[in-house]
Amino acid sequence: MNRIASVLLPMPLPEAFDYAEPEGMNLQLGDQVAAPLGPRLVRGVVVGLREAAGGNRPLKPLEAILDEPRLPPGTLEFVQWAARYSVDWPGQPLAIALRGARAPKPKPTRIVEATGVAPGRMTPARTKVLQAAAGQGFGPPDLARAAGVGAGVVKALIDEGVLAIRLVEAIATYESPDPARPGSQLNPSQEAAAEALKAMLAEGGFNVALLDGVTGSGKTEVYLEAAAAALAADPTAQVLILLPEIALTQAVIARVTERFGAEPGEWHSDVTPPARRRVWEGVANNRCRIVVGARSALFLPFPNLALIVVDEEHDASFKQEEGFIYHARDLAVARGKIEGAAVLLASATPSLESLRNAEQGRYRWLSLSARHGQARLPDIALIDLRQSPPDHGRWLSPQLVKAMGETFARGEQTLLFLNRRGYAPLVLCKACGERMTAPDTDSWLVEHRYTGRLVCHLTGFSMPKPKACPHCGAHDSLVSIGPGVERVEEEAKTLFPQARVAVFSSDTVFDAREARRLIEAMADGHIDILVATQAAAKGHNFPGLTLVGVVDADLGLRGGDLRAAERTYQLLAQATGRAGRKDRPGQALLQTWAPEHPVMQALAAQDRDAFVAAEMAERELAGLPPFGRLAAVIVSAIDPAQLESFVQIMAQAAPNSAGVEVYGPADAPLGLIRGRRRKRFLVRADRMVDLSAYMATWRARVKPPGAIRVAIDIDPYSFL
Ligand code: ADP
């Protein structure tokens, strides 16, 4: 009897489709197949196989099994689990999992081989060619070169049938990492953490540990030890290291390469399609045993994943907000469970979610409380901007400028941290008061001086800065309000004309190579003052950096979302943690208008525990994460009336369920993006509620018209 194959297609479809398995095809789960869809053939993956019960209407047969690696069972299960958790179509995470498979395969190479046919006549040149052809596989020109003869000799032997050309598929190969290479000599507390991790790995199976260590304590050294143990225990074991920023992947790739004598696979949005293909295939065929990557590396087809490291686990960049919405830290734990792998979350400022899990004993809690070696944590002081304001039109207070001058005079480096790209966050007409906004989006246009353009950071819309106010027509009336990194760079250059000043933000550093170059220039002391957004403010080691100035410490507190205080604390603790990494002591100065704010007080006192305890108490009282669960629904449409009537229907359809509260619909703070009006619901649930199931039930009860989009965000990080 024939079988029915359930095939998942990497597109936004509600479920897998059934196809007939043609005679003799012999499908297996995870096979990539060519499936007919309407008039087209599309790539799909077999996720189910069952015997056909007679009498059903005939199904379309599958066209072929693709000559591609099979997706391992764990990957299939993970993709489907992720879709269920995120309340999205399973084709969405599958599309991420197949991203590398869909990049073009490298072209097969041509090699020349002896066929066994004896040549009609022998000459010394022919003998040389036949000898060379017996060795490694050369292409025709290389063979002639290796034999030291003209191309005609090789061609004649091919024409005679003595030699033949064979096409050889290019196979992604990787040098094997050597876990036996010596790592750093660990200090006693690193040693204790590494031993605990090794014991956890030796136990085998799924376990999660939180490696909680102050900045510069050597967390990377410790997790590389754990990786070495995993690789040594099983010659086919694979290790995944996830990082929140491309700039950080570069630094960790260098350290992994040095530690194991082999380059890991590199995976992030800036990797070219052929390189992506190579990593994907290398992972699937188990030749690539270590991957260092950004969040989507979690969807690679590992057949034998033993350890997942999520470095800087608190970082909000692990949350993917567009398309398939997911949090890579949470999904890493889920994937670890499915694969029976160990998961290691590392941070100097762990998320409240992970701290809570550690406190409750669900995660093992390993701490490194001091910096390695001579290095001490920096002194942190607050600059009260009410008492010591910058000069008019300036952003750096006299106190900070003085410290920068002293640092520069000692030949040491300064990092000025400001989490705002561009030159100025707002352009205003001083004649009529008009604020420049994007035409189809509710957000201010940010001025960029390098390009002379006004840019919408949300949608990418940009336009040249106009000469006259588009509203009232006044000339030379547009003024730039507030600072971005470019403006602070301008000020630093004016104040210290001899200093080498550079900017690090996603506008000035477009790709991984440029990021690496700038990080190395800073680490090697070729930059005196680095003005940076968060892209450069986390994770890195800059030995000559002794002063960190935070230009606007209050910036992140203004958003007022649930995690504003936590996020500000984490970001500033990370940024200030760049100072004083080696033997020279460091200091950090935070410019603030609200020095009495609990976040500023905790930073100055370096009292993380007190801050965490206060924050936990507030969340517990309100039943917010990690004590409760949240989900958001964002509904958008072009027509406001249609949007309004649909959100009312949706509100009516919300299931009644114990322990679940639905708030909204409310206008989203960003009410208009790309011409679409937006409304939001917020759902709060008790911890024990299966919120994904609740949201799926709700969604199934409504049928949005085609012009309406409904996005569900489980555990939202953005409330805009
Ligand atoms: P973290 O990840 O906790 O910020 P790193 O692992 O990056 O810390 O270590 C900070 C710096 O200290 C790095 O330059 C690292 O090479 C160095 N370091 C840490 N531990 C050791 C060790 N045991 N031996 C030598 N150098 C170390």
Side-chain angles (χ1 to χ4, degrees), residues 181-198 209-229 239 241-245 247-260 264 290 292 307 309-315 317-318 329 344-351 354 365-378 412-413 415 417 516 519-520 522-525 534 536-546 548 570-586 588 606 608:
R181 276 167 67 109
S184 299
Q185 183 69 44
L186 297 185
N187 66 39
S189 72
Q190 293 172 343
E191 184 71 38
E195 285 308 317
L197 289 172
K198 284 188 208 166
L210 174 64
L211 180 58
D212 176 2
V214 296
T215 52
S217 56
K219 294 183 291 297
T220 315
E221 300 291 336
V222 171
Y223 73 65
L224 290 180
E225 269 314 293
V239 174
I241 301 173
L242 290 178
L243 293 149
E245 296 277 345
L248 273 181
T249 58
Q250 299 307 296
V252 172
I253 284 169
R255 284 173 77 171
V256 167
T257 307
E258 195 183 306
R259 175 72 177 75
F260 298 113
I290 311 179
V292 176
L307 172 66
V309 177
V310 184
D311 199 358
E312 311 291 353
E313 68 89 33
H314 63 277
D315 201 299
S317 309
F318 282 121
R329 184 223 313 134
L344 176 55
L345 311 176
S347 175
T349 50
S351 61
S354 297
W365 197 351
L366 310 170
S367 313
L368 302 173
S369 55
R371 283 196 161 174
H372 177 69
Q374 305 288 310
R376 282 195 300 115
L377 282 168
E412 296 170 2
Q413 294 167 299
L415 173 76
F417 173 68
R516 196 167 193 156
I519 295 293
E520 279 170 9
M522 184 68 185
D524 295 343
Q534 59 169 335
K538 33 182 137 166
H540 297 287
N541 281 304
F542 300 130
L545 173 62
T546 54
V548 171
Q570 288 163 339
L571 197 54
L572 298 185
Q574 291 291 335
T576 54
R578 295 315 104 206
R581 285 275 172 142
K582 260 215 139 126
D583 38 5
R584 284 174 286 197
Q606 309 213 23
R608 189 191 87 185

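One-based numbering along the sequence shown. In each ligand, atom 1 is the first atom listed, and ligand 1 is the first ligand listed.
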Margin query: Judged on heavy-atom distance to atom 3 (O) of ligand 1, which of E312, E191, K219 sits nearest?
Written below: K219
Check: Tell me: protein heavy atom nearest atom 11 (C) of ligand 1, and distance?
Finding: N541 OD1, 3.7 Å
Next item on the list: Determine whether the side chain, the backbone, both or neither of S184 has a heavy atom under 4.0 Å from any heavy atom of ligand 1.
Entry: side chain
Next item on the list: For the pair N187 (side chain) and Q190 (backbone), establish whether a donor and an acceptor sit closer than 3.5 Å, ignoring hydrogens and angles.
Entry: yes
Next item on the list: Identify, for atom 18 (N) of ligand 1, the protein heavy atom at the shortest distance, and state residue, atom and that distance.
Entry: H372 CD2, 3.6 Å
Next item on the list: Could you tell me the residue and atom name of the protein heavy atom closest to atom 20 (N) of ligand 1, and the distance to it rounded to 0.1 Å?
Entry: Q190 NE2, 2.9 Å
Notebook entry, point to check: Atoms of ligand 1 less than 4.0 Å from G218 heavy atoms?
Noted result: 1 (P), 3 (O), 5 (P), 6 (O), 8 (O), 9 (O), 19 (C)
Notebook entry, point to check: Between the main-chain N or O of S351 and the side-chain N or O of R329, is there a donor-acceptor pair closer than 3.5 Å?
Noted result: no
Check: atom 2 (O) of ligand 1: which protein heavy atom is closest, and how many Å away?
Finding: T220 OG1, 2.9 Å
Item checked: Best match, Q574, R255, E258, Q185: closest heavy atom to atom 7 (O) of ligand 1 -> R255
Next item on the list: Please list, chain by chain and in numerical order, all residues satisfying side-chain hydrogen bond (donor to acceptor under 3.5 Å, both in side chains) with S367, sequence neighbours excluded.
Entry: none
Margin query: Counting neighbours of CZ on R376 that are heavy atoms of other residues, nucleotides or ligands and sit closer than 6.0 Å, is the number greater than 12?
Written below: no
Checklist line | Given Q574, E312, Q570, the one that forms side chain to side chain donor-acceptor pair (under 3.5 Å) with T349 | finding: Q574
Notebook entry, point to check: Does R255 come within less than 4.0 Å of E221, counting only side-chain N to carboxylate O?
Noted result: yes
Check: In terms of residue, atom name and distance, what is the protein heavy atom nearest to atom 4 (O) of ligand 1?
Finding: G216 N, 3.0 Å
Notebook entry, point to check: What protein heavy atom sits nearest atom 16 (O) of ligand 1, and how far off is it?
Noted result: E221 OE2, 3.3 Å
Checklist line | Close-contact set for ligand 1 against L186 heavy atoms, below 4.0 Å | finding: 23 (N)
Note to self: I'd like to know if the side chain of E313 and the backbone of V310 have a donor-acceptor N/O pair within less than 3.5 Å.
What the structure shows: no
Notebook entry, point to check: Closest approach of A228 and R259, non-hydrogen atoms and distance?
Noted result: CB-NH2, 3.5 Å
